[in-house]
Amino acid sequence: MKKMLTLFCLSIFSFTFSQTAEEIIRKYVEVSGGINKVNNIKNFHSSAKVEQMGMTIPVDIYTTSEGKMLIKVVVQGMEFVQMAFDGKESWGTNFMTMKPEKSSSEESENMKRNSKDFMSPLFNYKEKGYQIEKMSDETVEGVSCFKLKVSKGTLLDNSAEVQNIDYFYIDKENYLLILQESEITSGEMKGKMEQSVFSDYQEINGVLFPFSMTSRIKDVGGQTIQFDKIETNITLDEKMFSFPEQ
Amino acid sequence: MKKIGNILNICLLFLSYSFSQDTVKINSKEFFGDYKARQIGPALMSGRVTDIEGHPNNNKTIYIGSAGGGVWKSMDGGMNFFSVFDQYNQSIGCVSIDPNDPDNSIWVGTGECWTRNSVSIGDGIYHSEDGGKNWKKMGLELSERISSIQIHPKNKNIIYVGVLGALWGDSENRGVYQTKDGGKTWDKILYIDEKTGCSELVIDKNNPDILYCTFWEFRRTAWSFSSGGSNSAIYKSIDGGKTWNKIHQGLPSGKIGRMALALSPSNSSILYAVVEAEKNELKGLYKSEDAGLNWKQINSNFELTVRPFYFSRIVVDPKNNDIVAKAGLFGSISRDGGKTFKNFGSMHSDIHDIWFDVSDSEKMIFATDGGVYRSNNSGANNERVENLPLSQFYHVSTDLSSPYNVYGGLQDNGSWVGPSDSPGGIEAGDWVSVGYGDGFRVYPNLNNSDLIYSEMQSGEGIWRYDKKNKTIKNIKPFPEKEEVKLRFNWNTSLCTSPNKPDRIYIGSQFLFMSDDQGNNWKKISPDLTSNNPLKMNQSESGGLSADNSGAENHCTIFTVAESPLDEQWIWTGTDDGMVHLTKNGGKEWINISKNFPGLPSNTWCAHIEASSFDKKVAYAVFDGHTQNNKNAYVYKTIDAGETWKNIASKEIESFARCIQEDFQNPNLLFLGTEIGLYISFDGGLSWAKFTNGFPSASVHYIDLQKNTNDLVCATHGRGLIILDDISFMREVNNKTVNEPMYFFNKAHFYINEESNFGGTSTENQFVGENSNKNALIYYYLSKRHSIGKMTMEIFDEKGQFVCELTPGKQKGINVVEWNFFKKAPISAIGKTFDGASMQAPKVSAGKYRIVLNKGKEIFEKWIDVDYPKNSVFTLEERKQKEESVNECVRMIESLAYLVYQIDELEKHVNNQKSNPKLKKQAIELSLKLANIKSNLVITKGDNYVGQGEKQLREKLSDIYSTINAYSGAPGAYQIQNLKDLDEILQKEILSFKENKSVQTYLNNCTKSNITLPKIKTFEEFVNKK
């Protein structure tokens, strides 16, 4: 509730004077719950669903502050891992065999390099060594936004080091993150921008979480994932992140 | 008294005109939201590419600049390109990669420099610091055409820019510019005069203080072109641009025209220049082997001297200074330092730039009038890039088919007809050629769309093509005996009548009308132009190189509009600014050219649109760019042309070319300008640029399709762009845009039942997007929904839940699509996916309620869903299909419930395997359950070829998907199959219910006080909400 009040106050007293990237992020963090509450979260589990062609597909997502991640999907009662990462290796279920398979070593390495992005790359960006830059304001989702560029080092593409950059669009009125985008750095879609659009924010243990996220390639229709429940700091069996013993 | 009455009438008309509407001002980026245009290309003929720039040490990264389609980037060595410059000026002079940071720092100079008649105009220089993802304008806004950008190889802040400048008039904004602060400020460091611009600028990368440039004196008018003058020259600087010296030792004296210039990357002493000279024998290739001190003519082949204004580009192999490639009609290459050349192999003619791969210079890329070509063998064999939709349309029209077809002609790429929708998307193979040469206006006969009228440049061919019978008749009118020569514009004014399907018009300086599809013509006007002989010397056009292609034909009728309300009312506009109206089918013509307040005389009348609401109402668009005037002139009359008002507002940032009035709301107008599409909701009081999926490309013509309300725009560089069903825009007014939430009226949708086997395109071919066939629910939100839940559900007339949709939440227009699906049946859980049962059934025709839950607020809208018009299926057949599908769903879910009960029991049984009392029974029952289940669903194998034998679930799904996928009645054999399977299913259900082992086990559990498995009811199990 306190966060909603902060949000309300920021909306009322939002000024139009030029703000630095640092100030924008400070307000974004404040609106999100404040850095202490954010840092208190060590992991979270989201129960979600995706509507597709008349089917409701349940999805469960587990992430930890160490960058571990598991995305489980249930189709026709059959559960499979769309993607998992245990801090070292990335893997997922092969749809044909329904057996786990490891991702390429380069994909795992890139996951590792992005593993500091728990909750948001903007939280504790200095400690992560990220460089930020304020760009020209842009309108997204009909809303005038601050645009921030976050340089996070490099990723690998066929053994070559390529820049790892995210762009953040933060609502100028209430400092909520509306859109995050980054360039696809390898594969068939290389060069295209992938985007995540956030909405339906709700407060969980003092921290704002988006309960709706649409993932898409820029200018192409996307897929929305709707979160039903988010729980933080749960007891996790760490084994679930690791490639299963065969 | 009558006169006073007339004056009073005019005043009253203007009063009503002025006060009848309120301004509906919208912010385009905050308003249009989800509503996006679709780009259908095509890319099979692509369009003119002006410049190629490759990464200096990564041959995978290539940029191309185009004449009217912006900048495109490839990251795979030229296999695929994607657009990186949509929001900015689409006419590109050059692209330059900063050698200090080639992965990120890219400069773009706008304004194409291949100065043909149809060339567009740039608006400055742009810089990207992230490889093209984001751009910043860096000044030189008035430069109009930037020919070259050279960046100091050791200091990214020092940049030299060659500005060719204005084509259609004098300008001091040309010459060589330099910045020393990365583009914040610019100094003009070499200027000749207001007629002579920098056409090429070269830096010596081995010694960046050395620069070379060519200056060109040139000018176009609407009726002539002049290349050359005494001020054209080559200059050299050896002090970083502080001082410049003319280096002409060995070059021809007298007037000079356009020159190409190249410095060998591997030897800084060697320069090549291609010179347009006064004397033909002195034209051609010159070479210097002492860094420009002396020049020697070495070749004057046709390919070297042809059309210098269009082909002045010469490129030296990065590793071998004897290999030189020259742009040209076909292009050519020398391997002996320019002594001899051979033409490149087959590709689209008119080559403007050539790129050698930095690591293997036999690999080359070519920029042509027909897009980009790749070669692996020095241009001998060439392969076209098939994903560059840069087509340069001059015009578009549509027919009344369903789906409708689009017709149009392209710069240097003929005339075409293609579908607005096609299985698998609109592919290259869907387009049919309907005209040669440069293509312009193409119209179908609306009574018989097998008959197509098309034309080529300057009316040299005007055809009636019978697509069905494969006959072509040239229907071009000829002058009558003793009559003067007919003058046809490059883009000849061909059009059809909105009242009589077999009537067509063709304008030369006279207006011709045919009422029999062009078999016979009647001249229905005198010369309607200024008939100025000073503007008719096209044979003298070109300057130092004659260039009489017809592109400069002038004093011609350019636009003709017959009123849709009265076939006797015909409006004409000419390229020299004359506007006439006849009210009696051409017997008398009223010259209304002087009635346009604020319009400079002789401004090109680009388009007249006769209103659908009142025959006295018309719109006239004038394009002054050929008089060096880039203002928008958009006039409206409500009194048959006696008075006109300019309705162009300050929001329009460039000159306008065409206008389209809506058929239902006279205040809804669409304007094609040189930098994109503008829309007005208030009759022209204010305009908003439409940018969603619509690049800042030049819009040459617009057509509003009568059945679909699709707005089809012909762009000159980005192909055809369609705004599907603009009908919601008719409701945009100050009331609707001030509502917190507003559902637009459209509420009648037709179920899409089309099915096909898809298209034939390969991975790297462009495929135009089809229209969206789903129910599209439009609403407007005055504020974005960011906090709290927002959901959308659909219910049927009985209040039964049908499905959930994902609502849009943005400020502005949201478009939610519903594919008419209900929820898919719940299928039994097996070892593998049951793909066939994943498809949901579609709803029946009827009324449905859309419920939008936004926090505590609820908004509702009823929609009507109908079966397709002209469907081949009867209602009785549909009823049979729906009953069978419902039966299938019941069976699939009954089986799923049975398997669920077995699974729950099995879990329970497994837990008792360690219970000494029940262990034996549990083990036995577990085996029995597995055996039962194995007959119901696949319990082994994988989802590919290792799949197990199909069981009841898969058999049921097979028949379900077969019946469900077809909108007609199922066959008797299908219904029988369903009955057979139902019998098996009922037996299995009964068998499980009466299974003694199960009964005994459950009784024993009860006796042992073991909690029985919790089984949901069937209703709970199949609850889909």
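Naming convention: chains lettered A, B, ... in sequence-line order (proteins, then strands); numbering from 1 in each chain.
Residues A:Met53 and B:Phe821 approach most closely at CE-CE1, 3.4 Å, considering heavy atoms. Between B:Phe833 and A:Met78, the closest heavy-atom pair is N-SD, 3.8 Å.
For the set B:Val84, B:Asp130, B:Asn80, B:Val802, the count of heavy-atom pairs under 4.5 angstrom toward chain A peaks at B:Asp130. Ranking A:Met193, A:Gln52, A:Glu183, A:Lys99 against chain B, the residue ahead of the rest is A:Glu183, based on heavy-atom pairs under 4.5 Å.
To the nearest 0.5 angstrom, A:Glu188 atom CD is 10.0 Å from B:Asp76 atom CG. To the nearest 0.5 Å, the span separating CD1 on A:Ile178 from OG on B:Ser786 amounts to 4.5 Å.
The residues A:Glu173 and B:Lys811 are annotated as not salt-bridged, no charged nitrogen and carboxylate oxygen being separated by less than 4.0 angstrom. The residues B:Lys133 and A:Glu181 are annotated as not salt-bridged, no charged nitrogen and carboxylate oxygen being separated by less than 4.0 angstrom.
If you run salt bridge (Lys or Arg N to Asp or Glu O under 4.0 Å) between A:Asp200 and each of B:Lys854, B:Lys789, B:Lys809, only B:Lys809 comes through.
Between the side chains of A:Ser144 and B:Glu30, no donor N or O sits under 3.5 Å from an acceptor N or O. With 3.5 Å as the limit, one finds no donor-acceptor pair spanning the side chains of B:Lys136 and A:Ser136.
Not one N or O on the side chain of B:Asn943 forms a donor-acceptor pair closer than 3.5 Å with the backbone of A:Thr97.
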